[in-house]
Amino acid sequence: MTTTTDSLSHLNPHQRRAVEHFCGPLLVVAGAGSGKTRALTYRIANLITEHKVNPENILAVTFTNKAAREMKERIQKLFAEQMALSEYGERYDLLPEYDQVKLRSKVYKLVIKDLWCGTFHSLLSRILRFDIEKYQDENGRAWKKNFSIFDESDAQSLVKEIVTKQLNLSDKKFNPRSVRYTISNAKNQGLSPKDYEKEEPNYKGRVIAEVYNCYQDRLAANNALDFDDLILVPVRLFQQNEQVLGYWHNKFRHILVDEYQDTNRTQYQLISLLATYGEQKSHWKWQNRSVFVVGDADQSIYSFRMADFTILLDFQQDFGDGLDDDDTRSMVKLEENYRSCENILQAANHLIENNTQRIDKVLKATRGEGEQIFYFKADDEVAEANFVINKIRSLEKENPDINWGNFSILYRTNAQSRPFEDMLVRNGIPYTVVGGLKFYDRKEIKDVLGYLRAIANPADTVSLLRVINTPRRGIGKATIENLTNAAQELGVSLWEILSDETSVNTLGGRSAKSVNNFAKMIGRLQQEVENLPASEILQTVLDESGYVQDLHKQGNDEAEDRIRNVGELYNAVRQYEEEAEQDASLAGFLASTALSSDLDNVKEGQSAVSLMTLHSSKGLEFPVVFLVGLEQGLFPNYRSMNDPASLEEERRLCYVGITRAQERLFLSHARERRLYGTREPAVRSQFLDELPRELLATQYPRSVTYTNTGGRTSASYNNGFESTSSSKPTANVNWQVGDKVMHKSFGAGEITHIFGGGNKVSVAIKFPGLGQKIIDPRVAQLQKME
DNA sequence: CCATCCTGAATTTTT
DNA sequence: TTCAGGATGG
Ligand SMILES: Nc1ncnc2c1ncn2[C@@H]1O[C@H](COP(=O)(O)OP(=O)(O)OP(=O)(O)O)[C@@H](O)[C@H]1O
């Protein structure tokens with residue numbers, strides 16, 4: 001028995017059909033947790049072993065870099081397991097560590113290295129490093145292969161500058177953020193500035209088209225692309241250059257796309273071009289070629305970024321045989337859920353049925369009923385956090401085989417993480433927040449990357465301006481303006497002025513010397529970019545720019561932090577060089593930083609509670625999930641409540657959240673929430689009412705935790721649907737030294753002393769991280785923990 | 001040229 | 001509440 005058939009035993013018959021699919025189009029549709037991603041992963045392995053497909057002919061698109069990494073690891077493991085049997089006649093996990101490593105690295109060289117597996121953005125940036133110089137846009141703009149990738153804040157600053165400085169418009173009327181958003185949407189629909197103007201033939205439309213046009217000019221002048229270009233440029237390039245398309249069409253014989261419901265029109269076009277060579281359907285050739293997509297329309301949650309789940313619904317017509325479900329050979333449905341306990345699954349299924357824009361699906365449970373879903377109503381966001389962290393503590397304590405990494409807290413907006421973080425810190429529980437401020441978005445990191453970008457891509461004026469006087473070198477606004485103006489007058493890049501000593505001497509005034517020194521440093525490194533490894537370039541930048549020195553001089557905690565972060569960046573470069581699958585160049589590293597998301601830092605198996613938005617949680621799973629902030633206006637978000645389609649997307653988001661849970665699900669909301677510093681009353685989310693009541697518990701069926709001897713449980717655990725009176729002092733309890741207690745604002749602690757007796761008791765409690773406090777249990781709300 | 005204080009806007013979601 | 005960007009004064 002070969003291992004392929006062995007691994008097929010990890011699949012149900014429908015999955016197996018998907019996995020064994022060889023040529024032609026195939027759509028796998030199924031609800032959450034039905035093993036779509038697993039099917040896709042196994043199919044890659046199966047193509048290679050059973051059908052002898054060369055890994056370099058496979059293109060696998062995932063939604064996040066993390067998903068790509070995990071998929072590659074999974075495939076690596078599958079092959080290592082297979083080779084362990086064939087070469088050692090032994091199960092992989094029984095081999096000594098040394099042989100495991102040897103096998104893994106062998107598999108890496110043989111299979112993984114050549115596999116093109118990543119997000120649309122990272123895969124296409126790789127393609128562009130090869131071929132972008134063959135591209136020209138409709139205005140003759142062109143790019144070189146050392147292009148920079150501008151992140152969202154670069155893009156927004158550019159738009160702002162164009163609106164206010166170049167076109168002298170009011171940024172009140174043309175808010176740079178929303179203009180940038182509009183441009184981004186246009187690009188994601190494949191519209192050029194001219195196309196956009198045709199679509200919006202009014203004043204505003206004309207202005208935005210004008211900004212868009214200038215924006216593209218500026219990008220090109222900087223030899224830079226934004227995120228949207230990474231998709232759009234390849235599509236245009238493929239459309240205008242048959243040879244280039246031919247090369248990639250020929251290379252990628254088998255294309256696989258995960259989370260297909262969240263692709264947009266340009267991404268779809270790209271897949272379509274690669275798979276069909278842009279030919280009419282009647283000319284398509286499927287010999288040794290396939291398109292395999294998996295998705296779930298009910299989990300489409302990225303329409304704000306122009307994702308369009310009708311692309312998934314249309315797959316059968318676009319690529320498939322278009323036959324109905326009973327006769328089709330180009331679609332497989334998976335109907336068993338392997339992730340969640342039945343209660344959780346039922347709640348999710350019930351909720352999503354409230355959507356009208358959907359096709360009904362079957363999703364059956366394979367796991368037991370599980371515990372009831374627990375619903376909690378808190379007084380405010382602090383009490384909500386308190387509830388969640390208490391629960392986490394007690395579950396962790398009760399179950400020896402549960403660790404912090406099994407918990408996740410999911411919310412609608414990043415801003416909600418704060419109270420949970422505070423409470424986790426207080427309790428000394430390790431946690432990771434995904435999203436919010438990304439590592440590569442920190443000021444010090446962006447500064448240092450600014451140097452690297454200016455070195456890799458001299459045309460990158462944005463980066464040059466960022467670092468020319470960071471740290472301060474006495475190059476002021478006036479000087480910079482002089483230099484920039486000169487560049488503009490001459491129609492050359494800023495760098496061409498900077499790098500010419502004479503020009504700088506003429507224009508630079510008193511700071512000419514500083515400018516020349518700066519330019520020499522950058523120039524020297526530009527010469528070395530081809531010869532030196534990226535880490536060495538970074539090291540030189542750090543030594544010569546004075547950046548770290550300047551931080552040392554500041555000497556405060558914040559500066560210390562920054563220095564450490566810069567050190568982290570150095571490690572990241574080193575790691576990149578070591579793993580350097582493909583493109584070990586500085587430009588390659590810079591691309592990876594621009595495209596990295598915060599999720600990528602969350603390593604499997606690290607024992608820390610995860611906090612993230614519902615959007616970030618897509619595709620993940622956790623034994624215990626807390627879905628928090630279920631309030632009207634927050635979730636569903638008020639910006640989505642007036643439009644039925646948007647409301648349905650919010651509901652899908654809720655569906656995604658619920659279906660992340662494997663064993664336990666806790667839902668919570670607050671009656672009052674701080675917003676911009678003021679307290680606002682909050683109403684429970686309609687989504688709570690859309691769940692089947694009988695599945696929700698508001699108090700524990702088996703009284704495990706939190707029961708006071710005095711009978712009544714703490715106020716918040718009463719009939720949760722009624723309003724609760726929760727500021728009730730603690731009931732009469734016999735306190736003892738050593739008791740573990742929970743305080744409303746200080747969190748968990750342990751009693752170290754008892755003072756007085758009878759009615760006049762006060763207790764000393766030691767709170768981790770807060771020290772010892774003396775508290776009157778009749779005033780404070782104190783709960784005894786089992 | 002640079003540090004500090006003050007004002008007003010911001011929170012939907014992200015590759 | 002937090003933070004970026006502008007005004008102000010050294
Ligand atoms: N045939 C199977 N037998 C047992 N467990 C399975 C099987 N297929 C998948 N699983 C498990 O079920 C869980 C969900 O699988 P997977 O992530 O592939 O589902 P999915 O459909 O991609 O989910 P989502 O829609 O949420 O992205 C995983 O833990 C996976 O290991």
Side-chain angles (χ1 to χ4, degrees), chain A residues 61-68 118-125 149-153 155-157 160 164 171-172 175-178 181 184-185 187-188 225-232 259 262-264 266-267 300-307 381 410-419 422 434-438 440-441 443 469-480 509-511 514 554 591-600 612-618 629 633-641 646-647 649-650 652-654 656-657 673-680:
Chain A
V61 186
T62 60
F63 201 70
T64 63
N65 295 303
K66 181 174 182 246
T119 63
F120 275 109
H121 293 85
S122 71
L123 292 166
L124 293 176
S125 80
I149 299 171
F150 277 9
D151 66 25
E152 206 41 52
S153 74
Q156 235 173 74
S157 326
K160 183 172 179 187
T164 58
D171 58 355
K172 290 261 150 51
N175 175 268
R177 240 191 55 174
S178 76
Y181 183 65
S184 178
N185 282 182
K187 286 177 127 176
N188 282 322
L225 301 177
D226 66 15
F227 284 143
D228 310 318
D229 287 324
L230 292 178
I231 319 287
L232 188 53
E259 310 280 13
D262 275 322
T263 52
N264 63 35
T266 23
Q267 291 165 343
S300 167
I301 53 177
Y302 279 91
S303 74
F304 68 91
R305 162 177 127 179
M306 293 291 104
E381 76 280 0
L410 307 180
Y411 36 76
R412 178 67 235 270
T413 68
N414 285 307
Q416 286 167 256
S417 70
R418 198 51 187 281
D422 290 348
V434 175
L437 187 59
K438 280 188 268 179
Y440 292 112
D441 283 345
K443 184 183 176 302
N469 198 33
T470 318
R472 308 257 115 101
R473 330 184 146 79
I475 304 173
K477 219 173 128 191
T479 311
I480 292 172
R510 267 177 305 165
S511 9
S514 277
Q554 290 175 28
S592 81
T593 65
L595 300 175
S596 99
S597 86
D598 217 33
L599 261 178
D600 306 339
M612 68 184 88
T613 62
L614 289 153
H615 281 92
S616 301
S617 76
K618 181 161 95 158
L634 186 60
F635 189 31
N637 196 268
Y638 68 98
R639 308 174 100 108
S640 310
M641 285 169 68
S646 309
L647 184 64
E649 178 147 322
E650 295 280 309
R652 291 196 290 272
L653 196 52
C654 191
V656 168
R673 184 174 292 275
R674 265 195 132 85
L675 195 66
Y676 307 136
T678 56
R679 308 203 139 275
E680 298 285 334

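The chains referred to below are lettered A, B, ... by the order of the sequence lines, with proteins before strands, and numbering in each begins at 1. Given the structure is predicted, the values throughout are model-derived calculations rather than measurements.
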Separation of B:dT15 P from A:Asn65 CG (nearest whole Å)
8 Å
Can you measure A:Ile301 atom CD1 to B:dT15 atom P for me and round it to whole angstrom units?
11 Å
Please confirm whether the backbone N or O of A:Ser303 pairs with a side-chain atom of A:Glu649, one donor and one acceptor, at under 3.5 Å?
yes
Which of these nucleotides, B:dT13, B:dA10, B:dC1, is closest to any side-chain atom of A:Arg177?
B:dA10
Could you check which of B:dC1, B:dC2, C:dT1 has an atom nearest any side-chain atom of A:Arg472?
B:dC2
Sugar-phosphate, base or nothing in reach of A:Phe120, heavy atoms under 4.0 Å
nothing
Between A:Thr64 and B:dT14, is there a contact of a side-chain N or O with OP1 or OP2 at under 4.0 Å?
no
Return the nearest nucleotide to the side chain of A:Phe304; candidates are B:dT14, C:dG5, B:dT15.
B:dT14
So which atom in A:Ile301 and which in A:Asp262 form the shortest heavy-atom distance, rounded to 0.1 Å?
N-OD1, 3.2 Å
Separation of A:Arg674 atom CZ from B:dT11 atom C1', in whole Å?
16 Å
Is the closest side-chain heavy-atom distance between A:Lys187 and A:Asp226 below 4.5 Å?
yes
Report yes if a side-chain nitrogen or oxygen of A:Asn414 is closer than 4.0 Å to either non-bridging phosphate oxygen (OP1 or OP2) of B:dT13; otherwise report no.
yes
To the nearest angstrom, how far is A:Lys477 atom NZ from C:dT8 atom C1'?
14 Å
Could you label the plane-to-plane angle of the A:Phe304 and A:His615 rings as parallel, tilted or perpendicular, counting under 30° as parallel and over 60° as perpendicular?
perpendicular
Would A:Ser511 and A:Ser514 count as having a side-chain donor-acceptor pair, cut-off 3.5 Å?
no
Whole-Å distance, A:Asp226 CG to B:dT15 C1', equals 11 Å
I want to verify a distance call: between C:dT2, B:dT11, B:dC1, whose nearest atom is closest to the A:Arg418 side chain?
C:dT2
Would you call A:His121 and A:Ile149 a side-chain contact if the rule is heavy atoms closer than 4.5 Å?
no
Between B:dC2 and A:Asn469, is there an OP1 or OP2 to side-chain N/O distance shorter than 4.0 Å?
yes
Name the closest nucleotide to the A:Tyr638 side chain, picking from C:dT1, B:dT11, B:dT14.
B:dT11
Pairwise P distance for C:dA4 and B:dT13, with rounding to whole Å
16 Å
Separation of atom CG in A:Leu232 from atom C1' in B:dT15, rounded to whole Å
15 Å
A:Asn175 has an atom CG; how far is it from atom C1' of B:dG8, in whole Å?
14 Å
Below 4.0 Å: OP1/OP2 of B:dT14 and any side-chain N or O of A:Ser616
yes
Of the listed B:dT15, B:dA10, B:dT14, the closest approach to the A:Glu152 side chain comes from B:dT15
How is A:Ala594 classified with respect to the nucleic acid when contacts are heavy atoms under 4.0 Å: base, sugar-phosphate, or nothing?
nothing
Hey, which sits more toward the 5' end of DNA chain B by its nearest nucleotide, A:Phe227 or A:Glu650?
A:Glu650
Among the nucleotides B:dT15, B:dT11, B:dT14, which one has an atom lying closest to any side-chain atom of A:Tyr302?
B:dT14
Give the nucleotide from the list B:dC1, B:dT11, C:dT2 with an atom nearest to the side chain of A:Tyr676.
B:dT11
Using a 4.0 Å heavy-atom cut-off, does A:Phe635 contact any base of the nucleic acid, only the sugar-phosphate backbone, or nothing at all?
nothing
Between B:dT14, B:dC1, B:dA10, which one does the side chain of A:Arg305 approach most closely?
B:dT14
Candidate nucleotides B:dT11, C:dT2, B:dT15, ranked by approach to the side chain of A:Thr119 - the nearest:
B:dT15
Rounded interatomic separation in angstrom, taking NZ from A:Lys66 and C1' from B:dT14:
16 Å
Should the heavy atoms of other residues, nucleotides or ligands under 6.0 Å from CZ of A:Arg418 be counted, would the total exceed 12?
no
